[in-house]
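Okay, so here's the structure we're looking at.
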Amino acid sequence: MINNINDLNKVLQPYIEKAMKLTKDTIFEVVSQKIIDYYNEPVFANSLDPTTPSYYNRTGKLLEELTASNITKVGNEYSFTVGWDDSYLQFHYPSGFVTKKYGDTYNNVTGSDVLNWMNSVSHGGIVKGSHDYWDEALMEIQSSYGGIVNLFKQNCKRVGLPIK
């Protein structure tokens, strides 16, 4: 029996948390796939494997460091994050991680640099790609689900919360 707003909140809470988790998981999957696409983009023409760079060492750290937080509730607000922690953004790749064609090296490449390159049609800051992967992830969420809010609404219905 629901007699007040607190009773209603108690009934709704498990549904909202399940819908938030589904939403978080979908966003994480879309972003993860874009990173895999980035790693597999065939742009390294001088290599036997066009997805393997000849100018720098690929570590996989960009994909490994993608995180999704737990669902948190503060007051009446629920939230989660999908992305990279500050520790990755500030991480410094080993000296000489990226080597330009002419022997110059980038010695202070950070995780933030790599993320910027991933969304700037670039691999390692020196090899031209053809995608802005972060923007494409957001566009995919928009085109496939109608945006994050609509994705959440779809997931509310999916878990049995009848909303319009």
TODO: For residues D135 and N119, report the shortest heavy-atom separation together with the two atoms involved.
DONE: N-OD1, 3.0 Å

Task: Candidate pair Y145 and N150, rule side-chain contact (heavy atoms from CB on, under 4.5 Å), full reasoning - done: CA-CA 6 Å; Y145 306 102; N150 197 49; 5.6 Å; no

- [ ] Group every Ile, Leu, Val, Met, Phe, Trp and Tyr by side-chain heavy-atom contacts under 4.5 Å, then state whether I148 and F28 land in the same group.
- [x] yes

TODO: On the 0 to 90° scale, with breaks at 30° and 60°, tag the Y133-H123 ring pair as parallel, tilted or perpendicular.
DONE: perpendicular

Open item on the list: For S130, is there any backbone N or O sitting under 3.5 Å from a side-chain donor or acceptor partner on E41?
Closed with: yes

Task: Verify same cluster id: L12, I5 (apolar side-chain graph, 4.5 Å) - done: yes

- [ ] Measure across D7 and M1 and return the closest heavy-atom pair with its distance rounded to 0.1 Å.
- [x] OD2-O, 3.8 Å

Open item on the list: What's the separation between atom CD in E136 and atom CD1 in I141, rounded to the nearest 0.5 Å?
Closed with: 12.5 Å

Open item on the list: Could you measure the distance from the NZ atom of K153 to the NZ atom of K157? Nearest 0.5 Å is fine.
Closed with: 8.0 Å

Open item on the list: Nearest 0.5 angstrom please: W134 CH2 to M118 CE, how far?
Closed with: 7.0 Å

- [ ] Keeping the roles fixed (side chain from K24, backbone from S69), state whether a donor-acceptor pair exists under 3.5 Å.
- [x] yes

Task: Separation of F152 CZ from T23 OG1 (nearest 0.5 Å) - done: 6.0 Å

Task: Heavy-atom neighbours of Y15 OH exceed 12 at 6.0 Å - done: no

TODO: Could you walk me through whether W117 and L62 pass the side-chain contact (heavy atoms from CB on, under 4.5 Å) test, one step at a time?
DONE: CA-CA 11 Å; W117 291 330; L62 175 67; over 6 Å; no

Task: Heavy-atom donor-acceptor pair, N155 side chain to R158 backbone, under 3.5 Å - done: no

Open item on the list: Run D37 and H131 through side-chain contact (heavy atoms from CB on, under 4.5 Å) and show every step you take.
Closed with: CA-CA 9 Å; D37 293 347; H131 297 273; over 6 Å; no

- [ ] Apply salt bridge (Lys or Arg N to Asp or Glu O under 4.0 Å) to K73 and list each qualifying residue two or more places apart in sequence or on a separate chain.
- [x] none

Task: Spacing of D132 atom CG and M139 atom CE [to the nearest 0.5 Å] - done: 7.5 Å

TODO: Could you pull out the closest heavy-atom pair between K34 and A137, with the gap in Å?
DONE: CG-CB, 3.8 Å

Open item on the list: Strictly distance-based, threshold 3.5 Å: is any side-chain N or O of D85 a donor or acceptor partner for the main-chain N or O of S87?
Closed with: no

Task: Cluster link I163 to L151, ILVMFWY, side chain under 4.5 Å - done: yes

Task: ILVMFWY network linking I16 to L8, side-chain heavy atoms under 4.5 angstrom - done: yes

- [ ] Kindly determine whether I27 and F80 satisfy side-chain contact (heavy atoms from CB on, under 4.5 Å), including the steps that lead there.
- [x] CA-CA 11 Å; I27 293 169; F80 64 83; 3.9 Å; yes

Task: Nearest-0.5 Å distance, CG of residue L63 to CD of residue Q33 - done: 9.5 Å

Task: For the student: nearest non-hydrogen atoms of H92 and T110, plus distance - done: CE1-CG2, 3.5 Å

Task: Partner residues of E29 under the salt bridge (Lys or Arg N to Asp or Glu O under 4.0 Å) criterion, sequence neighbours left out - done: none

Task: Geometric class of the Y88/F91 ring pair [parallel <30°, tilted 30-60°, perpendicular >60°] - done: parallel

- [ ] Tell me yes or no: between the side chains of Q13 and N9, is some donor less than 3.5 Å from an acceptor?
- [x] no

Task: Validation row: L66, W84 side chains within 4.5 angstrom (heavy atoms) - done: yes

- [ ] Spell out, yes or no, whether V121 and I36 are grouped together once hydrophobic residues are joined by side-chain heavy atoms under 4.5 Å, including indirect joins.
- [x] no

